[in-house]
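These notes are about the structure you will find just below.
Chain letters run A, B, ... following the sequence lines, proteins first, then strands; residues in each count from 1. Just so you know, these numbers come straight off a predicted model, no measurement behind them.
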There are 2 protein chains.
Amino acid sequence: MATNDEHPASLVLAVSTVIFALRPSTRTGKMSLHIPVVRRIREPYEGLWALPGGPLGMQEDLGESARRHLLSTTHLDPTYLEQLYAFGDRDRSRTNGIARGDRVVSIVYWALVRSGPGAVEYSGIVRPADEVVPGDDNVVWIDADELPELAFDHTEIVAYALWRLRTKLEYSRIAHSFLGEMFTLAQLREVHEAVLRRELDPANFRRMIEATGSVEPTGTLLQGTPHRPPKLYRYVENPAESTPGQTPHPTPATKERS
Amino acid sequence: MATNDEHPASLVLAVSTVIFALRPSTRTGKMSLHIPVVRRIREPYEGLWALPGGPLGMQEDLGESARRHLLSTTHLDPTYLEQLYAFGDRDRSRTNGIARGDRVVSIVYWALVRSGPGAVEYSGIVRPADEVVPGDDNVVWIDADELPELAFDHTEIVAYALWRLRTKLEYSRIAHSFLGEMFTLAQLREVHEAVLRRELDPANFRRMIEATGSVEPTGTLLQGTPHRPPKLYRYVENPAESTPGQTPHPTPATKERS
DNA sequence: GCAAAAGTGTTATTCTTACACCCATGA
DNA sequence: TCATGGGTGTAAGAATAACACTTTTGC
């Protein structure tokens, strides 16, 4: 077997992102979490799929770097972006004890982007989330729960990001980031159901959401449905009249857009 | 005003740690959270207090690096160690727009160490947690809720670590990390009360702890108390008979040392 | 016996959860 | 009018919290 004493010459600091969007599963047809992966065109792990990312620019913040790589590979602007973890163990790019290139410390972010019927406004142009770079089949969206073999330790990274998203969805109010400016409670519930992979009681879901004070009715109704038109809601940033004992948690650098 | 266009020449990757111990407050006498800080002996921020840390070694994992710096400054071995956040914004070592040295990306950990009457076993020698390096007054333990001015962005980092510890204590089972191998429920409750800064009902606390299945009676009693001798408990790693639906959360690289 | 902490029991309250039921619309 | 999802009501069960009470020791 290969020796463990090979010393990488240099240390590279990279930023990668696990980008989540909701798309219909090609197997079941139900909405499920998908992530974009990029085909590696050089060693190590040439040919395998990897998370979008790249080296940190000297003049950019960590979150900026994540957003830049995200934009360049998916042409999307994230509605939610949060740091996940810094992966930097000495042998994380080794396979069977064989060193694969320089030592890389990856600061990984996770992001949510809009998808499906609710389209994305990006630099004035409305783009659907499933539009990949034209003519570029080096980026594909895959079901986050049915991953192929990924490069480096990216399989574990995605598993951790999935766990984080699912955990956070239950105590936080981030589901709206998958949707557009206005949405019905049924759409919001559909997001929760797709992420958590279980059905939720519509009545209790409504009360749970209303209790958080995270949404407010816009006053308009969604027309064109086959049945009773549902109210349209919008997300409210700071629910002032909510529970007084709420934690103003000093989470660093968590950014939301619209 | 200073220009924002100064380009740092190089990028340094460092590892720092917020180390928590419980010690009696010099003001109130009650147990409260304390952290060790190191006096900076060079620019930038010379003379100010800073978190223990230093550059990442090419041959060590991130957690290893945190543990190494922790040991060299406090002579303690942490009973709990977890990554907190990677701080790497471009201007995090600027003051009033003035650049202070090279750009540093800090991967920050937080740790718990034993203290007080429960001493620490380290390389066979029992040391109390309040023993600093002999003759070294460049390390002091300060109350985490009464910080002086710290170097860099370390004030915000400590605030975030404090929030993280207090949040995690309520849904996790880490309080025992402040104590020795065996402890009474009153001691465990004292830890919770000191960290959360509020009194807890002994009866409900007992039931809450028992419900988690995280401790078990050792069969021995603590003698020498002025009143009824309490049972001594020990921490159990994997409460197998606990709730079946527990999440096997894939948190990366969280290490505990009994 | 008395004081004080260890430990148990009991009840009120709030939070979930399940599900029955009414409402409003298109076809 | 009927089918269907939107939306409201209600009650059982579980988790939380407050506190009375019994137990066991040192003094």
Report task. Report the residues that fulfil side chain to side chain contact (heavy atoms under 4.5 Å, CB included) with Ser32(A), sequence neighbours left out, ordered by chain and then residue number. Result -> Ser25(A), His34(A), Asp143(A)
Query - Under 3.5 Å donor-acceptor, Gln83(B) side chain and Ile107(B) backbone - result: no
Query raised in the report: Restricting to pairs with a member in residues 212-231 of chain A, which pass salt bridge (charged side-chain N to carboxylate O under 4.0 Å, His left out), not counting sequence neighbours?
Result: Glu216(A)-Arg234(A)
Report summary line: Taken in chain and number order and not counting sequence neighbours, the residues that satisfy side chain to side chain donor-acceptor pair (under 3.5 Å) with Glu170(B) are Arg198(B)
Report task. Strictly below 4.0 Å, heavy-atom distances to any atom of DNA chain D: list the hits from residues 187-195 of chain A, or just say none. Result -> Arg189(A)
Query raised in the report: First and last nucleotide of DNA chain D touching chain B, 5' to 3', heavy-atom cut-off 4.0 Å?
Result: dA17(D) to dG26(D)
Report summary line: Across all chains, not counting sequence neighbours, the side chain to side chain donor-acceptor pair (under 3.5 Å) partners of Ser172(A) are none
Query raised in the report: How would you list, by chain and number, every residue that makes a side chain to side chain donor-acceptor pair (under 3.5 Å) with Thr26(B), sequence neighbours excluded?
Result: none
Report summary line: Given protein heavy atoms under 4.0 Å, the one-letter contact record of nucleotides 18-27 of chain C, with B base, S sugar-phosphate only and - none, is simply BB---BBBS-
Query raised in the report: Between atom CD in Glu210(B) and atom P in dG9(C), what is the gap in whole Å?
Result: 11 Å
Query raised in the report: Tyr233(B) OH to dA6(C) P: how many Å, rounded?
Result: 11 Å
Query - Pro226(A): side chain to side chain contact (heavy atoms under 4.5 Å, CB included) partners, not counting sequence neighbours - result: none
Requested in this report: Applying side chain to side chain contact (heavy atoms under 4.5 Å, CB included), name anything that partners Gln223(B), two or more places apart in sequence or on another chain.
Outcome: Leu221(B), Pro229(B)
Query - Partner set under side chain to side chain donor-acceptor pair (under 3.5 Å) for Asn204(A), not counting sequence neighbours - result: Arg207(A)
Query - Counterpart residues, side chain to side chain contact (heavy atoms under 4.5 Å, CB included), relative to Val191(B) (two or more places apart) - result: Leu22(B), Ala175(B), Phe178(B), Leu179(B), Val195(B)
